[in-house]
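Lettering of chains follows the sequences in order, A, B, ..., and the numbering in each one begins at 1.
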Amino acid sequence: MNFTGIITDWYTKNKRDLPWRKTNKPYNIWLSEIILQQTQIKQGLPYYEVFVKKFPTVKHLALAKEEEVLKLWQGLGYYSRARNMHKTAKFVWNDLNGIFPLDYKSLLTLKGVGEYTASAIASICFNEPKAVVDGNVYRVLSRFFGIDTPINSTEGLKTFKLLAQSLINNDHPGIYNQALMEFGALQCKPQNPDCSVCPLNSACAALKNNQVKELPVKLKKTKIQIRHFNYLVFISSNRQSVFEKRTGNGIWQNLYQFPLIESLHVLNEKDITKHEVFATHVQNNAFEISLYNEKPIIHKLTHRHLHTHFWIIETNQLSKNAVSLEDILKYPTPQLISNFLDSFNLK
DNA sequence: AACGCGGGGAT
DNA sequence: ATCCCAGCGTT
(Lines give C-alpha, C1' and ligand atoms only; values in the text may rest on other atoms or scores of the structure.)
Protein backbone atom coordinates (compact mmCIF):
# COMPACT_ATOMS: atom_id res chain seq x y z
CA MET A 1 0.00 0.00 0.00
CA ASN A 2 1.20 3.53 -0.69
CA PHE A 3 1.37 6.52 1.67
CA THR A 4 -2.14 7.71 0.87
CA GLY A 5 -3.61 4.24 1.27
CA ILE A 6 -1.89 3.62 4.60
CA ILE A 7 -3.04 6.96 6.01
CA THR A 8 -6.63 6.35 4.93
CA ASP A 9 -6.58 2.83 6.31
CA TRP A 10 -5.19 4.06 9.63
CA TYR A 11 -7.94 6.68 9.78
CA THR A 12 -10.80 4.21 9.43
CA LYS A 13 -9.43 2.33 12.44
CA ASN A 14 -8.39 5.23 14.66
CA LYS A 15 -10.50 8.30 13.96
CA ARG A 16 -12.23 10.07 16.80
CA ASP A 17 -15.98 10.37 16.90
CA LEU A 18 -16.51 14.09 16.31
CA PRO A 19 -19.78 15.91 15.60
CA TRP A 20 -18.69 17.58 12.35
CA ARG A 21 -17.85 14.15 10.97
CA LYS A 22 -21.51 13.23 11.02
CA THR A 23 -22.48 15.79 8.36
CA ASN A 24 -21.37 17.19 5.02
CA LYS A 25 -23.38 20.39 5.21
CA PRO A 26 -21.19 23.30 4.14
CA TYR A 27 -22.49 25.48 6.98
CA ASN A 28 -21.47 22.95 9.63
CA ILE A 29 -18.13 22.16 8.04
CA TRP A 30 -17.36 25.85 7.61
CA LEU A 31 -18.32 26.55 11.22
CA SER A 32 -16.11 23.75 12.52
CA GLU A 33 -13.16 24.80 10.37
CA ILE A 34 -13.28 28.42 11.52
CA ILE A 35 -13.49 27.35 15.16
CA LEU A 36 -10.59 24.93 14.75
CA GLN A 37 -8.17 27.41 13.16
CA GLN A 38 -5.12 27.48 15.44
CA THR A 39 -7.24 25.75 18.04
CA GLN A 40 -7.03 22.25 19.44
CA ILE A 41 -10.09 20.05 19.09
CA LYS A 42 -10.48 19.68 22.84
CA GLN A 43 -10.73 23.46 23.18
CA GLY A 44 -12.93 24.09 20.16
CA LEU A 45 -15.40 21.23 20.53
CA PRO A 46 -17.67 22.77 23.19
CA TYR A 47 -17.82 26.02 21.19
CA TYR A 48 -18.92 24.09 18.09
CA GLU A 49 -21.70 22.43 20.08
CA VAL A 50 -22.92 25.77 21.39
CA PHE A 51 -22.85 27.45 17.99
CA VAL A 52 -24.73 24.73 16.11
CA LYS A 53 -27.32 24.64 18.85
CA LYS A 54 -27.75 28.42 19.00
CA PHE A 55 -27.39 28.94 15.24
CA PRO A 56 -28.54 25.75 13.46
CA THR A 57 -28.32 27.35 10.01
CA VAL A 58 -26.49 30.19 8.34
CA LYS A 59 -29.71 32.18 8.53
CA HIS A 60 -29.75 32.03 12.30
CA LEU A 61 -26.15 33.20 12.44
CA ALA A 62 -26.74 35.92 9.87
CA LEU A 63 -29.63 37.37 11.84
CA ALA A 64 -27.72 37.46 15.15
CA LYS A 65 -26.07 40.57 16.57
CA GLU A 66 -22.29 40.66 16.44
CA GLU A 67 -22.25 41.18 20.18
CA GLU A 68 -24.13 37.93 20.73
CA VAL A 69 -21.71 36.07 18.47
CA LEU A 70 -18.71 37.52 20.29
CA LYS A 71 -20.23 36.63 23.66
CA LEU A 72 -20.51 32.99 22.61
CA TRP A 73 -16.98 33.13 21.20
CA GLN A 74 -15.66 34.58 24.48
CA GLY A 75 -12.60 32.70 25.72
CA LEU A 76 -11.72 31.08 22.41
CA GLY A 77 -9.35 33.83 21.24
CA TYR A 78 -8.51 35.20 17.81
CA TYR A 79 -11.74 37.13 17.84
CA SER A 80 -11.40 38.29 14.23
CA ARG A 81 -12.56 34.76 13.40
CA ALA A 82 -15.89 35.47 15.06
CA ARG A 83 -16.26 38.88 13.44
CA ASN A 84 -15.38 37.54 9.98
CA MET A 85 -17.56 34.49 10.46
CA HIS A 86 -20.54 36.68 11.26
CA LYS A 87 -19.77 38.94 8.30
CA THR A 88 -19.61 35.90 6.02
CA ALA A 89 -22.87 34.50 7.37
CA LYS A 90 -24.62 37.76 6.57
CA PHE A 91 -23.06 37.79 3.10
CA VAL A 92 -24.13 34.22 2.34
CA TRP A 93 -27.62 34.83 3.64
CA ASN A 94 -28.19 38.24 2.05
CA ASP A 95 -26.24 38.01 -1.21
CA LEU A 96 -26.01 34.29 -2.01
CA ASN A 97 -29.54 33.22 -1.15
CA GLY A 98 -28.22 31.33 1.85
CA ILE A 99 -26.16 28.96 -0.33
CA PHE A 100 -22.45 28.60 0.35
CA PRO A 101 -20.10 28.86 -2.65
CA LEU A 102 -19.73 25.45 -4.30
CA ASP A 103 -16.04 25.30 -5.12
CA TYR A 104 -12.57 26.10 -3.81
CA LYS A 105 -12.05 29.24 -5.83
CA SER A 106 -15.28 30.91 -4.82
CA LEU A 107 -14.98 29.74 -1.21
CA LEU A 108 -11.70 31.68 -1.08
CA THR A 109 -13.55 34.94 -1.53
CA LEU A 110 -15.26 34.58 1.85
CA LYS A 111 -13.88 36.62 4.76
CA GLY A 112 -11.98 34.38 7.14
CA VAL A 113 -11.64 31.57 4.59
CA GLY A 114 -8.09 31.10 3.37
CA GLU A 115 -6.41 28.33 1.40
CA TYR A 116 -6.62 25.80 4.18
CA THR A 117 -10.30 26.33 4.99
CA ALA A 118 -11.36 26.56 1.36
CA SER A 119 -9.58 23.26 0.66
CA ALA A 120 -11.19 21.62 3.66
CA ILE A 121 -14.73 22.68 2.75
CA ALA A 122 -14.31 21.98 -0.96
CA SER A 123 -12.94 18.49 -0.36
CA ILE A 124 -15.24 17.44 2.47
CA CYS A 125 -18.46 18.93 1.10
CA PHE A 126 -17.96 18.90 -2.65
CA ASN A 127 -15.42 16.15 -3.21
CA GLU A 128 -13.02 18.58 -4.84
CA PRO A 129 -9.45 17.22 -4.74
CA LYS A 130 -7.73 20.12 -2.99
CA ALA A 131 -5.14 19.13 -0.39
CA VAL A 132 -5.24 20.83 2.99
CA VAL A 133 -1.96 22.00 4.46
CA ASP A 134 -2.15 22.69 8.17
CA GLY A 135 0.24 22.21 11.07
CA ASN A 136 -0.42 18.47 11.11
CA VAL A 137 0.26 18.08 7.40
CA TYR A 138 3.55 20.00 7.64
CA ARG A 139 4.69 17.71 10.41
CA VAL A 140 3.71 14.40 8.83
CA LEU A 141 5.09 15.23 5.38
CA SER A 142 8.32 16.80 6.62
CA ARG A 143 9.05 13.72 8.72
CA PHE A 144 7.97 11.00 6.35
CA PHE A 145 9.76 12.53 3.37
CA GLY A 146 12.64 13.97 5.42
CA ILE A 147 12.21 17.56 4.27
CA ASP A 148 14.07 20.15 6.34
CA THR A 149 12.98 23.21 4.41
CA PRO A 150 11.47 25.57 7.03
CA ILE A 151 7.71 25.16 6.86
CA ASN A 152 7.11 28.88 7.25
CA SER A 153 9.57 30.00 4.57
CA THR A 154 8.32 30.96 1.15
CA GLU A 155 10.03 27.94 -0.36
CA GLY A 156 8.65 25.66 2.32
CA LEU A 157 5.08 26.84 1.84
CA LYS A 158 5.36 26.10 -1.87
CA THR A 159 7.13 22.77 -1.44
CA PHE A 160 4.68 21.34 1.05
CA LYS A 161 1.65 22.59 -0.82
CA LEU A 162 2.83 20.89 -4.02
CA LEU A 163 3.74 17.70 -2.21
CA ALA A 164 0.44 17.54 -0.36
CA GLN A 165 -1.47 18.08 -3.58
CA SER A 166 0.50 15.33 -5.32
CA LEU A 167 -0.54 12.84 -2.65
CA ILE A 168 -4.26 13.53 -2.60
CA ASN A 169 -6.76 10.75 -3.05
CA ASN A 170 -8.81 11.93 -6.02
CA ASP A 171 -11.74 9.65 -5.22
CA HIS A 172 -12.12 10.57 -1.56
CA PRO A 173 -10.23 13.82 -1.01
CA GLY A 174 -12.29 14.86 2.01
CA ILE A 175 -11.67 11.61 3.86
CA TYR A 176 -7.99 11.68 2.95
CA ASN A 177 -7.53 15.28 4.12
CA GLN A 178 -9.12 14.53 7.45
CA ALA A 179 -7.15 11.32 7.72
CA LEU A 180 -3.82 13.08 7.27
CA MET A 181 -4.67 15.69 9.89
CA GLU A 182 -5.98 13.11 12.34
CA PHE A 183 -2.83 11.07 11.80
CA GLY A 184 -0.72 14.12 12.61
CA ALA A 185 -2.74 14.90 15.71
CA LEU A 186 -2.83 11.39 17.20
CA GLN A 187 0.09 9.38 15.81
CA CYS A 188 2.71 11.73 14.34
CA LYS A 189 2.48 14.08 17.35
CA PRO A 190 4.82 17.06 17.87
CA GLN A 191 6.42 15.59 21.00
CA ASN A 192 7.43 12.00 21.64
CA PRO A 193 5.49 10.19 18.94
CA ASP A 194 5.44 6.42 19.42
CA CYS A 195 7.04 5.45 16.14
CA SER A 196 7.12 1.77 17.12
CA VAL A 197 3.41 1.48 16.42
CA CYS A 198 3.33 3.79 13.36
CA PRO A 199 2.06 2.15 10.17
CA LEU A 200 4.55 4.25 8.19
CA ASN A 201 7.62 3.45 10.29
CA SER A 202 9.26 1.18 7.70
CA ALA A 203 9.44 3.97 5.15
CA CYS A 204 9.70 7.12 7.29
CA ALA A 205 12.78 9.17 6.39
CA ALA A 206 12.91 11.00 9.72
CA LEU A 207 12.78 7.76 11.70
CA LYS A 208 15.42 6.18 9.52
CA ASN A 209 17.75 9.18 9.92
CA ASN A 210 16.94 9.82 13.58
CA GLN A 211 15.45 13.23 12.76
CA VAL A 212 11.98 12.86 14.20
CA LYS A 213 12.78 15.36 16.94
CA GLU A 214 14.25 17.88 14.50
CA LEU A 215 11.41 17.90 11.99
CA PRO A 216 9.58 19.94 10.98
CA VAL A 217 11.95 22.92 10.88
CA LYS A 218 10.36 26.27 11.70
CA LEU A 219 11.93 29.71 11.42
CA LYS A 220 12.46 31.94 14.48
CA LYS A 221 10.10 32.74 17.27
CA THR A 222 8.32 35.94 18.05
CA LYS A 223 9.84 37.97 20.84
CA ILE A 224 7.61 38.43 23.85
CA GLN A 225 6.99 41.98 25.01
CA ILE A 226 5.83 43.02 28.46
CA ARG A 227 3.06 45.58 28.82
CA HIS A 228 1.50 46.94 31.98
CA PHE A 229 -2.27 47.09 32.07
CA ASN A 230 -4.08 49.07 34.74
CA TYR A 231 -7.83 48.57 34.73
CA LEU A 232 -10.03 51.07 36.53
CA VAL A 233 -12.92 49.23 38.15
CA PHE A 234 -15.29 52.02 39.11
CA ILE A 235 -18.08 51.27 41.53
CA SER A 236 -20.59 54.00 42.23
CA SER A 237 -22.91 54.19 45.20
CA ASN A 238 -25.84 53.32 42.94
CA ARG A 239 -24.04 50.15 41.83
CA GLN A 240 -22.84 51.27 38.46
CA SER A 241 -19.48 50.91 36.74
CA VAL A 242 -17.84 51.85 33.47
CA PHE A 243 -17.45 49.21 30.77
CA GLU A 244 -16.24 50.22 27.34
CA LYS A 245 -16.04 48.71 23.89
CA ARG A 246 -12.53 48.36 22.49
CA THR A 247 -12.32 50.04 19.14
CA GLY A 248 -9.54 50.33 16.61
CA ASN A 249 -7.56 47.56 15.02
CA GLY A 250 -5.64 46.00 17.85
CA ILE A 251 -6.21 43.12 20.19
CA TRP A 252 -9.71 42.27 21.43
CA GLN A 253 -11.45 44.47 18.88
CA ASN A 254 -15.13 45.04 19.73
CA LEU A 255 -14.84 43.33 23.10
CA TYR A 256 -15.62 45.17 26.34
CA GLN A 257 -13.42 46.08 29.27
CA PHE A 258 -12.97 48.51 32.15
CA PRO A 259 -11.24 51.81 31.36
CA LEU A 260 -7.60 50.96 30.75
CA ILE A 261 -4.34 52.78 31.41
CA GLU A 262 -1.56 51.06 29.51
CA SER A 263 2.06 51.80 30.31
CA LEU A 264 5.59 50.56 29.80
CA HIS A 265 6.33 50.42 33.53
CA VAL A 266 4.53 49.82 36.80
CA LEU A 267 2.24 52.63 37.92
CA ASN A 268 1.49 53.65 41.47
CA GLU A 269 -1.68 55.07 42.96
CA LYS A 270 -0.69 58.66 42.23
CA ASP A 271 0.05 57.86 38.59
CA ILE A 272 -3.44 56.44 38.31
CA THR A 273 -5.37 59.22 40.02
CA LYS A 274 -3.52 61.90 38.07
CA HIS A 275 -4.14 60.18 34.74
CA GLU A 276 -6.61 61.67 32.30
CA VAL A 277 -8.45 58.37 31.94
CA PHE A 278 -9.14 58.51 35.65
CA ALA A 279 -10.18 62.16 35.47
CA THR A 280 -12.60 61.44 32.65
CA HIS A 281 -14.75 59.41 35.00
CA VAL A 282 -14.05 60.98 38.39
CA GLN A 283 -13.98 64.73 38.25
CA ASN A 284 -14.57 66.64 41.44
CA ASN A 285 -16.23 63.74 43.14
CA ALA A 286 -15.01 62.15 46.30
CA PHE A 287 -13.47 58.73 45.69
CA GLU A 288 -11.71 55.92 47.44
CA ILE A 289 -9.14 53.89 45.54
CA SER A 290 -7.59 50.55 46.40
CA LEU A 291 -5.43 48.07 44.58
CA TYR A 292 -7.23 44.78 44.07
CA ASN A 293 -4.14 42.68 43.37
CA GLU A 294 -0.76 43.59 44.85
CA LYS A 295 0.98 41.09 42.63
CA PRO A 296 0.37 41.62 38.92
CA ILE A 297 -1.85 39.15 37.15
CA ILE A 298 0.24 38.03 34.20
CA HIS A 299 -1.94 37.25 31.22
CA LYS A 300 0.12 35.47 28.61
CA LEU A 301 -0.55 35.93 24.92
CA THR A 302 1.48 34.55 22.07
CA HIS A 303 3.72 37.58 21.80
CA ARG A 304 2.84 39.70 24.80
CA HIS A 305 2.75 39.29 28.54
CA LEU A 306 0.24 41.60 30.11
CA HIS A 307 1.16 42.52 33.69
CA THR A 308 -2.20 43.57 34.99
CA HIS A 309 -3.43 45.49 38.03
CA PHE A 310 -7.05 46.11 38.84
CA TRP A 311 -7.82 49.29 40.76
CA ILE A 312 -11.09 49.45 42.64
CA ILE A 313 -12.44 52.98 42.74
CA GLU A 314 -15.51 53.68 44.79
CA THR A 315 -17.22 56.95 44.12
CA ASN A 316 -20.58 58.58 44.68
CA GLN A 317 -21.28 59.24 41.04
CA LEU A 318 -19.94 58.42 37.59
CA SER A 319 -19.89 60.98 34.85
CA LYS A 320 -20.33 58.97 31.70
CA ASN A 321 -20.75 55.54 30.10
CA ALA A 322 -22.06 54.08 33.34
CA VAL A 323 -23.65 50.63 33.24
CA SER A 324 -25.13 48.64 36.08
CA LEU A 325 -22.84 46.09 37.68
CA GLU A 326 -25.22 43.26 36.81
CA ASP A 327 -25.14 44.14 33.10
CA ILE A 328 -21.37 43.87 32.87
CA LEU A 329 -21.61 40.11 32.69
CA LYS A 330 -23.71 40.31 29.52
CA TYR A 331 -20.97 41.86 27.41
CA PRO A 332 -18.33 39.93 25.49
CA THR A 333 -14.98 40.41 27.25
CA PRO A 334 -11.41 39.17 26.98
CA GLN A 335 -10.53 36.18 29.14
CA LEU A 336 -8.37 38.48 31.28
CA ILE A 337 -11.47 40.48 32.28
CA SER A 338 -13.66 37.43 32.51
CA ASN A 339 -11.23 35.83 34.97
CA PHE A 340 -11.25 38.98 37.08
CA LEU A 341 -15.04 39.11 37.14
CA ASP A 342 -15.10 35.49 38.28
CA SER A 343 -12.80 36.19 41.20
CA PHE A 344 -14.10 39.63 42.12
CA ASN A 345 -17.36 39.43 43.93
CA LEU A 346 -19.54 42.15 42.52
CA LYS A 347 -21.67 42.33 45.66
C1' DA B 1 7.59 38.91 3.38
C1' DA B 2 6.65 39.96 8.02
C1' DC B 3 3.68 40.75 11.62
C1' DG B 4 -0.48 40.86 14.72
C1' DC B 5 -3.87 38.21 16.56
C1' DG B 6 -5.82 34.45 22.17
C1' DG B 7 -6.06 31.09 24.92
C1' DG B 8 -5.12 26.52 26.52
C1' DG B 9 -2.70 21.98 26.47
C1' DA B 10 1.53 19.15 26.65
C1' DT B 11 6.11 18.43 28.09
C1' DA C 1 9.83 28.06 30.00
C1' DT C 2 8.69 26.61 25.37
C1' DC C 3 6.24 24.89 21.60
C1' DC C 4 2.11 23.88 19.29
C1' DC C 5 -2.66 24.06 17.77
C1' DA C 6 -7.75 21.66 11.47
C1' DG C 7 -4.66 29.97 9.78
C1' DC C 8 -6.06 34.51 8.14
C1' DG C 9 -5.83 39.41 7.17
C1' DT C 10 -3.13 43.43 6.92
C1' DT C 11 0.79 46.14 5.85
Got more than 12 heavy atoms from elsewhere within 6.0 Å of [atom1], [X]?
{"X": "A:D95", "atom1": "CG", "answer": "yes"}
{"X": "A:K161", "atom1": "NZ", "answer": "no"}
{"X": "A:Q317", "atom1": "CD", "answer": "no"}

What is the separation between atom [atom1] on [X] and atom [atom2] on [N], rounded to the nearest whole Å?
{"X": "A:I298", "N": "C:dA1", "atom1": "CD1", "atom2": "C1'", "result": "13 Å"}
{"X": "A:N152", "N": "C:dC5", "atom1": "CG", "atom2": "P", "result": "11 Å"}
{"X": "A:Y47", "N": "B:dG7", "atom1": "OH", "atom2": "C1'", "result": "9 Å"}
{"X": "A:W73", "N": "B:dG6", "atom1": "CH2", "atom2": "P", "result": "12 Å"}
{"X": "A:K213", "N": "C:dC4", "atom1": "NZ", "atom2": "P", "result": "13 Å"}
{"X": "A:K223", "N": "B:dG4", "atom1": "NZ", "atom2": "C1'", "result": "17 Å"}
{"X": "A:M85", "N": "B:dC5", "atom1": "CE", "atom2": "C1'", "result": "17 Å"}

Check the angle between the aromatic planes of A:F258 and A:F310 and answer parallel, tilted or perpendicular using the 30° and 60° thresholds.
perpendicular
Between [X] and [N], is there a side-chain N or O to OP1/OP2 distance below 4.0 Å?
{"X": "A:Q253", "N": "B:dC5", "result": "no"}
{"X": "A:R304", "N": "B:dC5", "result": "yes"}
{"X": "A:H299", "N": "B:dG6", "result": "no"}
{"X": "A:T154", "N": "B:dA1", "result": "yes"}
{"X": "A:K42", "N": "B:dA10", "result": "yes"}

For nucleotides [N] and [M], find the distance between their [atom1] atoms and express it as a whole number of Å.
{"N": "C:dA6", "M": "B:dC3", "atom1": "P", "answer": "25 Å"}
{"N": "B:dG9", "M": "C:dC8", "atom1": "P", "answer": "23 Å"}
{"N": "C:dT11", "M": "B:dG6", "atom1": "P", "answer": "15 Å"}

In B/S/- notation, 5' to 3', how is nucleotides 6-11 of chain C contacted by protein heavy atoms closer than 4.0 Å?
BBSSS-
Give a yes or no on whether the backbone of A:Q253 and the side-chain of A:R83 come within a donor-acceptor separation of less than 3.5 Å.
yes
Exam field: side chain A:R227 to backbone A:R304, donor-acceptor pair closer than 3.5 Å
no
By the 4.0 Å heavy-atom rule, please label [X] as base, sugar-phosphate, or nothing.
{"X": "A:G44", "answer": "nothing"}
{"X": "A:I35", "answer": "nothing"}
{"X": "A:H303", "answer": "base"}
{"X": "A:R81", "answer": "base"}

Who are the side-chain hydrogen bond (donor to acceptor under 3.5 Å, both in side chains) partners of A:K15, not counting sequence neighbours?
none
Are A:D9 and A:K13 ion-paired here, with the side-chain N under 4.0 Å from a carboxylate O?
yes
Taking the minimum atom-to-atom distance to the side chain of A:N192, which one of B:dG6, B:dG8, B:dT11 wins?
B:dT11
